[in-house]
Amino acid sequence: MFDQDDADPLVRALAGRAFADPFPWRFLSRIAEIPNRLGGSPGEHRAAELTHVALPGTPTVEEFPTQRWVRGRTDLTVAVDRSDGTVEREFEAIALPYSPGGTVEAPLVDVGYGTQAAIEAAALDGCVAVASTDSPADGRFVHRMEKFGHAVDAGAAAFLFVNHVPGQLPPTGSLRFGGTPSDVELGTADAGAASIPGVGVSRETGDWLTDYATTPGAPATARLRVEAATEPGESRNVLTHLGPDTDERVVLVAHLDAHDIAEGALDNGAGLTVAVTAARLLAAVADDPAAPDSGLERGVTVAAVGCEETGLLGAEALADRLDAAVGLDRVHAVCNVDGGGRARDLRAFTHGAEAMESVAREVTDAVGVPLHLERTPHSFSDHWPFLRAGVPALQLHSRSPPAGGPGEGPGGPRGRGYTHTRADTRDKVDRRDLRSHAVLTALLVRELTRRDLPRRAPEAVAADLREASAEPGMRAAGVWPERWD
């Protein structure tokens, strides 16, 4: 990653510490072995405890209320009426978080990628929508909650989410943003469970379902039974402070939680490990005489937040806290590590901010590593409460080199790969990626504290989202801010 002869003293100090330290792999292992880190669960609380011990400085733990979703049993049966009799088959399915419990019996309808156009063209009223996790190759990525929201608006009775990645891997992912804290800034969605049942099925199951749904003269009926509950709970954020006590601050954030069907090593155990390791590196080199000019020029709030997967609720609570304490106008920038450490190359979402793109390019060019840039903003990770308020935002993700790699999985750079499936396990993570991304994150955060970064007017963010055709989907998902109307 680094040329020892060319690297400046700070890079040498950070890289040397990172590559000699067993902490990243040990920390990831401790996080990944927790059985269930879904928002509000005892496992998520345990992850907060481990992070509290690992962070430098004087960390604090802050609780906030949430609507906790609890999984029960899911049964899916499909009956196909043919001229020579009825074929009835059972398939594996898993409920998607915030799915309500209940029983549905209705015809299957294939809606392809689940785009707004495809759903509006289908006769979905009273039927079960079958939608792929993939998105059209010639268009933008269409989030699961958009597809679900459009299906609900079209009158669907239930929603079947089909993984496009092979391997008998039913996908998970929340159907909507969950309730609290205070349910503010979440658009028009109400708190609590979604309005219709939604479940994930594997690519292999989906192949059968789409065949049954599209075969003329052989109507197919799905019988879906979901057991699930939404109940009051509490989640936790863990915060610490690095650097000087300045009026302005940079926020470094990563989420603690993961879906309950797997270890969550990639999403977001790796990202959490990268962020915590970067914080430890910055604290360690602050007074290192071998690393001159290593200090932070603005203070850094490091936050490990809960309930990202169930609605960005920890990030909402963090933004509320900072707004009350210093005002969001004093948050200089946010660096969100969601997806970092999963694969070899760094992928940076700059959310339309040219200054962020400049920082990312200069830091990675200086150490000679690849950078994959994504400029279009999106609302589905922990930077969102800050971005919509005009805070310059950077999300650090990963991308495999052209030959591909284990962290990204067979889904490729456009899909989630192994994440949100039971295959999201520690063996998919390469400890070299954790270390190199931690060094890059530390360098990026340090640089963010030193740069003048113009704020983005919320109207400009809204315009970018409209230009990317994201508004209809965000409205369907209930995440378009009402004040932008």
Side-chain angles (χ1 to χ4, degrees), residues 31-32 34-52 61-72 94-100 143-145 148 171-186 189-194 198 200 228-239 253-272 275 303-321 336-339 379-385 416 419-422 424 477-479:
I31 292 293
I34 299 171
N36 170 11
R37 305 199 314 274
L38 194 62
S41 69
E44 187 199 46
H45 300 168
R46 175 58 179 154
E49 292 172 0
L50 292 173
T51 304
H52 179 262
V61 177
E62 300 184 356
E63 297 181 354
F64 61 90
T66 185
Q67 291 294 316
R68 180 188 175 197
W69 183 81
V70 182
R71 179 186 306 280
I94 59 172
L96 304 179
Y98 290 113
S99 172
H143 194 274
R144 168 192 63 257
M145 291 202 301
F148 176 75
T172 188
S174 289
L175 292 172
R176 48 157 302 122
F177 278 9
T180 64
S182 69
D183 304 313
V184 296
E185 301 292 355
L186 298 182
D190 297 324
T230 302
E231 59 189 31
E234 59 92 7
S235 183
R236 299 172 184 177
N237 291 344
V238 187
L239 282 68
V253 63
H255 70 87
L256 294 157
D257 59 311
H259 284 289
D260 58 328
I261 64 169
E263 296 175 3
L266 296 166
D267 188 9
N268 188 39
L272 177 65
V305 298
C307 287
E308 189 272 347
E309 299 290 3
T310 51
L312 316 184
L313 301 178
E316 293 286 349
L318 173 65
D320 287 346
R321 178 194 183 279
N336 170 28
V337 190
D338 186 2
S379 60
F380 295 103
S381 191
D382 287 321
H383 58 271
W384 176 239
R416 289 188 180 275
T419 66
H420 285 212
T421 76
R422 59 190 172 215
D424 183 355
V479 297

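The OG1 atom of T51 lies 10.0 Å from the CD atom of E49; values are rounded to the nearest 0.5 Å. Summarising the geometry, atom CG belonging to L313 is positioned 6.0 Å from atom CZ belonging to F64; distances are rounded to the nearest 0.5 Å. In this structure, CG on D260 lies 5.0 Å from CG on L38, to the nearest 0.5 angstrom. Rounded to the nearest 0.5 angstrom, E44 CD and S235 OG are separated by 3.0 Å. Distance check: Q67 CD to T230 OG1 gives 7.0 Å after rounding to the nearest 0.5 Å. One finds the CH2 atom of W69 at 12.0 Å from the OG atom of S41 (value rounded to the nearest 0.5 Å).
E309 pairs by the side chain to side chain donor-acceptor pair (under 3.5 Å) definition with H259, H420, not counting sequence neighbours. Evaluation of the side-chain contact (heavy atoms from CB on, under 4.5 Å) rule for P171 yields T133, F161, N163 as partners, not counting sequence neighbours. Under the rule for a side-chain contact (heavy atoms from CB on, under 4.5 Å), the partners of I261 that lie at least two apart in sequence or sit in another chain are R71, I94, T172. For A254, the side-chain contact (heavy atoms from CB on, under 4.5 Å) partners at least two apart in sequence or on another chain are N268, L272, A275, V337. Here N36 pairs with nothing under the side chain to side chain donor-acceptor pair (under 3.5 Å) rule; sequence neighbours left out. Shown here are the side chain to side chain donor-acceptor pair (under 3.5 Å) partners of R236, two or more places apart in sequence or in another chain: E234. Residues satisfying the side-chain contact (heavy atoms from CB on, under 4.5 Å) test with R321, not counting sequence neighbours, are E62, L239. D257 is linked by a side chain to side chain donor-acceptor pair (under 3.5 Å) to H255, counting only residues two or more places apart in sequence or in another chain. Under the ring pair (Phe, Tyr, Trp, His ring centres under 6.0 Å) criterion, H45 pairs with no residue, sequence neighbours left out.
Looking at R144 and F380, their side chains never come closer than 4.5 Å, going by heavy atoms from C-beta outward. Between M145 and L175, the closest side-chain pair of non-hydrogen atoms is not below 4.5 Å.
A donor and an acceptor atom, one from each side chain of S381 and N336, are located under 3.5 Å apart.
Closest heavy-atom contact between D424 and T419: OD2-CA, 4.0 Å.
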